[in-house]
Amino acid sequence: MATQSVESDFSWEVKANSHHCHKDKLKKSFLCFHWGRYSDNVVRSYKYSPLTFLPLMLFEQFQRVANFYYLLMVTLQCVPIISTIPWYIAMIPLLAVLIVRGLKDFANDMARRRSDSQINTRPCDILISQRFNAARWKDLCVGDIVRIHKDQVIPADLLLLCSSENHSLCYVETADIDGETNLKYRQALDVTHSELTCHPSEESLAAFDGVVFCEEPNNRLYIFRGELHWQGQCHLLDNEHILLRGTVLRNTEFAYGLTLYAGTDTKILKNCGKLTVKKTQMEKVFNRLVIGIVLGVLLIAACLAIGSCIFSSQVMSLTEDLYFLVVNGNPVYTGFIAMWSYVLLLSPAMPVALYISFDLIHTVHSLFINWDLEMYWQEADKPAQARNTSLNEELGQVEYLLSDKTGTLTQNRLLLRQCCIAGEIYGDVSISAEDMEPMDLSWNPFSCGTLFMSAPSLVENLRGQQCPLSSQFFKALSLCHTVMAEWKEERPVYQAASPDEEALVGAARELGWVFLSRTRDFVVVSELGVTRQYQLLALLDFTSKRRRMSVLVREPEGGLKLYCKGADMVILERLQKDIPFQERTERALELFSQSCLRTLCVAVRSVPEASWEQWRKTLTRSATMATCDRDALLEKLYDQMETELLLLGVTAIEDRLQDGVPETISLLQHAGIKVWVLTGDKKETAVNIGYSCKLLDADTRLLEWQELRQILQAPDPRVSFHKARQTEVWAVDKETARPKTAVVLTGAELVEFDQRPEWGAKFMSLASQCESVLCCRVTPGQKADIVTMVKKHTSSVTMVIGDGANDVNMIKTAHVGVGLAGVEGGQAVQNADFALSQFRFLQRLLLVHGRWSYRRISTFLRYFLFKTCSFALVHIWYGFFNGFSAQRLYETWFISLYIALYTSYPVMCMAFFEQDASAENSLKYPELYKTGQRRELSSPLMLSLSLVYALYASLILFFIPYGVFHDTAFDYQTMAVTVSMAATFTATIEIILVTRYWTKFNFSVVCVSVLLFFIFTRIFQSSRLFQNSPIDFFFVGVSEKAFLDPVVWLTALLTAWVAVLPSLTAHGLNIILTINNTHKVHSMSTQPVELKSKFSRGSFGRSSFAISQGAGAGRHITSATHIHSRDPPVDKKSQLE
Amino acid sequence: MYSSMIGGLKVTQNQASKMIGKQSRSFVYDAFVLFFHVRADCVKRRYIHKMVKEEQPESVNRPDNTAFTQQRLPAWQPMLSAGIIIPGFVLIGLAFIGIGVALFVTSRSIQMLEMDYTGYEQNSPCFKCSDESVKNCMCNLDFNIDTLFKGPVFFYYGLSNYFQNFRRYGVSKDLDQLSGDMDAFLDPTSDCAPYQYDGNNKPIVPCGAVANSMFNDTFKLYQIVKGVKKLVPLDGKGIAWWTDYNIKYRNPTVKPLKNAFNGTVKPLNWPKPAYELDPSDPANNGFINQDFLVWLRTAALPNFSKLYRRITEGDYAEGLPAGNYSLEIAYNYPVLSFDGRKKVVFSNVSWMGGKNEFLGIAYLVIGSMCVVMSIVMLIVYAKFKFPEED
């Protein structure tokens, strides 16, 4: 009965070796119809097909409000009665925008297709008719059996059937999935192992006809449930039997697997998130603005239309002679026509050119990022790369930086840098590992030169056998671990489940205690050239709860020894009383933790034969017990054994950070950016890295789940949060030091957020007061969920940085995604908006390029609004003096050339080159960055101020010439030229005021623009052009006369001056009032950011224990499932002795 | 060691100056780079990739180290301070006041005489003509001048509440027709409607509302010397724009001009066809009649004046001497129907053209505002800088 209910759950059915059966049910789609059940193994990240390109692209383009608006304008221009310029000229800018954008989309899509086909054509071996044929990934289908070679990437989610190793064990590296580089074990079912492992295996595999029932495809990476029905029996399957797509097979010659999920059904692709077009905050504001302006224009046009109506009916009531002024003799119809004419006349307030310039500026800013030598990584020959060219200003507004850990903050290289033996500290951590002079270890034939600890005195001690404790210490390191040795080129190569162990065993090898090999019952170690064999009696495994592991060995001499290593807290409470150097060791621990080294305490105990016998009996008895009881008993048993320890020493391992990480993080924090760490790694490791990269320091209080939960459940989280902070005992000087808090969460705890959506807002309000948040053990999907949560509950810009495939989802989700072009795998970079080679380049990307971009673009936007609105809105005022007849105040040519030629280049130049503070100063004063976070330059207030200013300028632009020309003999065309001149001058003076960084380009472009106005006005009003086309160039001779008229000049100058007077005054007052601030930026003083390492509280603050090891490695060793049968080559020297 | 350092420094300075020289020379190149760097970059990269792949593959992607790509272009960053801004405001304010004074004084020195002759009021001499039903009405406007009205005197007519700038009015003409295109004579543009064809469907030349509504009052000025009316000669030559007369508007080349108008009718409101506008001067007819050209140059605003004649000849070359004058008006143009006004204006001119008090006053006001602003700034600055002393 129970199986029945389970079966209904497992609706996904996969029959082995039935290619055709599954092939028929492949997912297919046409337009928007989809059918079929199983995905093929083809990755399709592209958006368009040849058929759908045009409609989809157009659909996407016209989703932009502006494009739709321009389409409307072009349509209106086609109506002759209201048109201001011929429709074919009006079309050009819109077509240009559409074509450029379309081509860009097309190119991007082609690039995506290329990278897809690269992945899809990777090789794999598929079993077809009793033979493995070389095929490509895309040929793989659910139900196929594949052979994976060593170091190959697994093409789909597979059920491991058997492998070349004993017990069908195999090792996979999951770096692309969770960022951990240590190897994980996967083991096939016993039944498939025993039935299918034979040589040649093709026949038996081809005959395999099992059926797997399992869950529907989902995104849970660490959970798999299913069952295999074969030979009339049902076998339960779990995560242990599954090889996930994207992982790499290591240390296993080959493995055979049955494809369960392919292509988009695989767990990693289910975790990938969707490709969405990112919009910047600025663009959103901008879109709103466009809507606002368009509505405003419509409203104004409607009002003017009413005016036109009234004027028409007045005219009609006066005299029949003027009936012709009213269209069809109908005032309402006249008003209606006038309205659309005014819409067209006012539409230059929002020209298409704005979008074109916007794109161009973005592109140039992106090029500057690509060209920056300071972000060029010499060693890999990789410059920074702006892959998405439309997010530049977003870089200047980032408030949350969410970072991956492995490969991003750390190099994932663990080195033993220091140790403390018998209270004596060896090694010096102040010299970086690269600068260190390597010790002379030529006496040791096994040395590979991978020791980054300089302690000649220790070597002397060891070789001279002067200090038994140090020998014991290294003996412990070489015995107490779960590492395996593989022999390659006469040297042991270690394979460890945790990089920490690998580092420790490796260090012991360098110093003469070489772990040679292990069998089920013996561990062979070469001690300073003497090969000794220890009998392994018991392995007390590591769990995250126990935080220690031990081995019980019988020495060749016969004594029983227990070697133990683990977290300082755990070991210290299990020591014998009155150890001579405990105090010194504790001080060493404190010192190590200050240097952010990961510590492990190493201890030893001699076990009397009698107690061992008794212990063993209890242990054997426990083997027959039920699982849960057994676990509890084992724990108690282990606890009994690990007492009365003698402390040998402490190891201090450095988890190498990327270059400049602490400095960068500190700088970014000074710039007001909150740095969060999201990692798939363990909590201890994450916290330790938090300390070492100065994200946390000794006075930071860690808020963990229990406490956080209470706070979140409280009615007013803020109050209880403050209480929680205040109750801190260690906050010695509350007045001066604001207590810092950081939240530590794990993936399992985050699941609760799904069930309680109301916690999100509470949590974010808490998190905004914390220094940082560390999320450990999170899946790629959860990483993205966290980003979504931040995006949802704050209006801040989020940036994500990561290097692996496990970061792809969050990179796609965040406002800005940065991919680190790491050593392996380009997946993060492929999906990122910006690609960097080093974490530290982030400071330049954000504080220099981002800040500049933000400032440039928001200034550009405000200026552009001013110049176009002030110029177009003049028609409103003119309407009152021409009977609301939608008469233009400019020559037709001027309207298009003003935007295209006379005023566009200076502002572009400004937007390319403007620098309010140099790159050096931007980095020196990170506080400057906060302008962008507060959106000071692009706030709705600032934008509406610009609009009000433009409205004022338009009033001036009309009414001063009105005053001058009123009741005089000056004609309409002269006035038109005068107002054009004034408008050009106004725009030019304003850009001169706005520009603060005058390169030769700025100078020349400003001069050229004004000159262009005069030259082109003269050309377009010349007799030659008039003779060619009288209707297009009917302003003939006006400028010739006007440019010589002093009144025209005096009017234009006065108008321009009055129009910019408010801006000028504001600039002047600003300079006078902020005189100190500007000096602060431009000159010296105030201390630059420096790294403050305040570990002065005097109390031993924290344990810096961290080990990235999961439970269970020991199980394999004790059950001897993975012990290589090969014997170690025996050292000749030791044989002689 | 010190000297070698100095030497090194010198070399770098030399290099720097050379670089600057190079930069200024390669200005055009830089400008080119600005817009085409992308392409150039791509091409270059491809090229390098092919050429140097074996030699130095590791620095192929290294960005160029130029001032432009590294955003280190030499630039002038104006460091504005209160010391520049406040005196700047004062100076500009003073300059404006100076210009304003000059304009104001000039404008004041211009003599101008304005007389409304609409005949709106009953005691007005032209009241009898204000009724539209009276045809060929003449009225006299008497005035006297106290002092010599310095010449050359310009004689304008002015209209108020007249929307020559109305859009449909302004476009209601056929530029092809007016530039002598005979095809447009028989087929005027539809912009001219309803003054495109007459009731018999004959094309109107010149078509359109602008031509149709041409101002047709005429004036004769007499000086009354000892009770005798002495005609003041009015010069109607060259009152239109040179470009209008010579380029923009052309008569058809047909001789005599009259033949060109065969098959067309004159505008409805015109008493005479276009080729008979000025019987005294055959060259002043058709589309290049000076008065017609002045009328075609439409006004910007509803209140405007247009040049009618100049007084430059004979006894009046020096101006109008003091005395009594009489203006004989042939009152043809109705304006009261749309509540308009008509006036005549006598004025002499200066370097700045006609009388224009607004400009001078505006300059004075803005100039004073700048000065006041600078004082405000000074106070703010003082308060801000020495807050203790307050």
Side-chain angles (χ1 to χ4, degrees), chain A residues 315 318-319 321-322 324-325 367-368 370-373 376 381-383 881-883 885-887 913 915 919 960 962-972 975 996-1001 1023 1026 1030-1031 1034 1036-1037 1040-1041 1045-1047 1050-1051 1054 1057-1058 1065 1068-1069 1071-1073 1075 1082, chain B residues 27 31 34 37-38 58-65 69-71 73 75-77 80-82 85 89 156 163 165-170 175-176 179 194 209 241 243 247-248 297-307 337-338 351-354 356 358-359 362-363 366 373 377 380-381 384:
Chain A
V315 162
L318 285 172
T319 163
D321 286 355
L322 301 174
F324 76 93
L325 295 178
L367 285 177
F368 279 139
N370 297 352
W371 287 335
D372 196 337
L373 269 177
Y376 167 72
D381 188 31
K382 272 181 188 156
F881 298 92
N882 62 27
S885 61
Q887 176 71 294
F913 303 122
Q915 297 179 9
I960 287 187
Y962 171 80
V964 175
F965 292 131
H966 174 71
D967 207 8
T968 61
F970 285 104
D971 65 305
Y972 160 71
M975 177 152 168
R996 288 291 164 76
Y997 192 78
W998 286 90
T999 65
K1000 54 192 174 184
F1001 295 111
S1023 47
F1026 173 79
I1031 293 165
F1034 62 93
V1036 60
E1040 201 177 321
K1041 211 167 148 65
D1045 194 329
V1047 174
L1050 287 171
T1051 313
L1054 178 73
W1057 181 256
V1058 178
T1065 317
L1069 282 175
I1071 286 164
I1072 288 169
L1073 289 173
I1075 203 142
H1082 284 287
Chain B
F27 183 87
L34 172 60
H37 207 109
V38 203
E58 71 276 0
S59 55
V60 172
N61 296 325
R62 188 187 173 84
D64 291 345
N65 186 8
T69 56
Q70 300 310 311
Q71 307 197 59
L73 283 174
W76 174 63
Q77 285 169 281
L80 293 175
S81 64
I85 287 169
F89 259 83
Y156 302 88
F163 287 77
N165 58 8
F166 199 85
R167 188 172 178 211
R168 284 175 65 78
Y169 177 90
L175 278 172
D176 288 330
S179 50
W241 283 25
T243 42
I247 295 159
K248 197 169 178 183
R297 189 143 281 282
T298 52
L301 297 162
N303 294 0
F304 58 90
S305 50
K306 282 178 185 292
L307 187 57
S337 62
F338 53 89
W351 59 269
M352 58 171 284
N356 199 332
F358 177 85
L359 198 55
Y363 264 94
I366 300 302
M373 209 98 79
M377 280 184 190
V380 169
Y381 178 63
F384 188 75

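Here the structure is a predicted model, which is why all the values come from computation and not from measurement. The sequence lines fix the lettering, A, B, ..., with proteins before strands; numbering per chain opens at 1. Hydrogens, waters and symmetry mates play no part in the numbers below; they use all other heavy atoms, side chains included.
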Exercise. So, does S885(A) use its side chain to make a donor-acceptor pair with the main chain of R167(B) at under 3.5 Å?
Worked result: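 Present.
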Exercise. Side chain, backbone, both or neither: which part of F304(B) has a non-hydrogen atom closer than 4.5 Å to chain A?
Worked result: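 Contact with chain A is through both the backbone and side chain of F304(B).
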Problem set entry | Top contributor to chain B contacts, counting heavy-atom pairs under 4.5 Å, from L1050(A), T1065(A), T1051(A) |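 The answer is L1050(A).
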Exercise. With a 6.0 Å cut-off on ring centres, are F965(A) and F970(A) close enough?
Worked result: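 Yes, they do, as the ring centres are separated by less than 6.0 Å.
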Problem set entry | Proximity breakdown for P1030(A) and chain B, heavy-atom pairs closer than 4.5 Å |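 Interface part for P1030(A): both.
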For this session: Against chain A, label W241(B) side chain, backbone, both or neither, depending on which of its atoms sit under 4.5 Å from a heavy atom there.
Result: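 Side chain only.
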Exercise. In terms of heavy-atom pairs under 4.5 Å, which option from L1069(A), D1045(A), V1036(A), V315(A) contacts chain B the most?
Worked result: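 Highest number of pairs under 4.5 Å: V1036(A).
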Exercise. Is it the backbone or the side chain of Q915(A) that comes under 4.5 Å from a heavy atom of chain B, or both, or neither?
Worked result: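 Interface part for Q915(A): both.
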For this session: Please flag which part of N165(B) lies under 4.5 Å from any non-hydrogen atom of chain A: side chain, backbone, both or neither.
Result: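 Both backbone and side chain.
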For this session: Give me the ring orientation class for Y962(A) and F881(A): parallel if the planes are under 30° apart, tilted from 30 to 60°, perpendicular past 60°.
Result: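 Y962(A) and F881(A): tilted rings.
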Exercise. Short question: side chain of D381(A), backbone of N61(B) - any donor-acceptor pair under 3.5 Å?
Worked result: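 Yes.
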Problem set entry | Stepwise side chain to side chain contact (heavy atoms under 4.5 Å, CB included) test for K248(B) and T243(B) | CA-CA 6 Å; K248(B) 197 169 178 183; T243(B) 42; 5.7 Å; no
Problem set entry | Region of V964(A) in contact with chain B, defined by heavy-atom distances below 4.5 Å |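 When you check distances to chain B, atoms from both the backbone and side chain of V964(A) fall under 4.5 Å.
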Exercise. Do N370(A) and T69(B) come close enough that some side-chain heavy atom pair is under 4.5 Å?
Worked result: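 Not in contact.
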For this session: Could you tell me which of S337(B), G354(B), P194(B) has the largest number of non-hydrogen atom pairs under 4.5 Å with chain A?
Result: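 Heavy-atom pair counts peak at S337(B).
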Problem set entry | Engaged part of Y156(B) at the chain A interface, taking heavy atoms whose separation is under 4.5 Å |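 Just its side chain gets close to chain A.
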For this session: Flag the one option from N65(B), L175(B), I247(B) with the top tally of heavy-atom pairs under 4.5 Å to chain A.
Result: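 The option with the most such pairs is I247(B).
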For this session: Would you mind checking which part of M352(B) comes under 4.5 Å of any heavy atom in chain A, side chain (CB onward), backbone (N, CA, C, O), both or neither?
Result: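 Contact with chain A is through both the backbone and side chain of M352(B).
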Exercise. Do D372(A) and P383(A) touch side chain to side chain, with heavy atoms closer than 4.5 Å?
Worked result: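 Side-chain contact under 4.5 Å: no.
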For this session: Look at the side chain of T999(A) and the backbone N and O of L73(B), then say whether any donor-acceptor pair between them is shorter than 3.5 Å.
Result: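 Here the side-chain-to-backbone pair does not exist.
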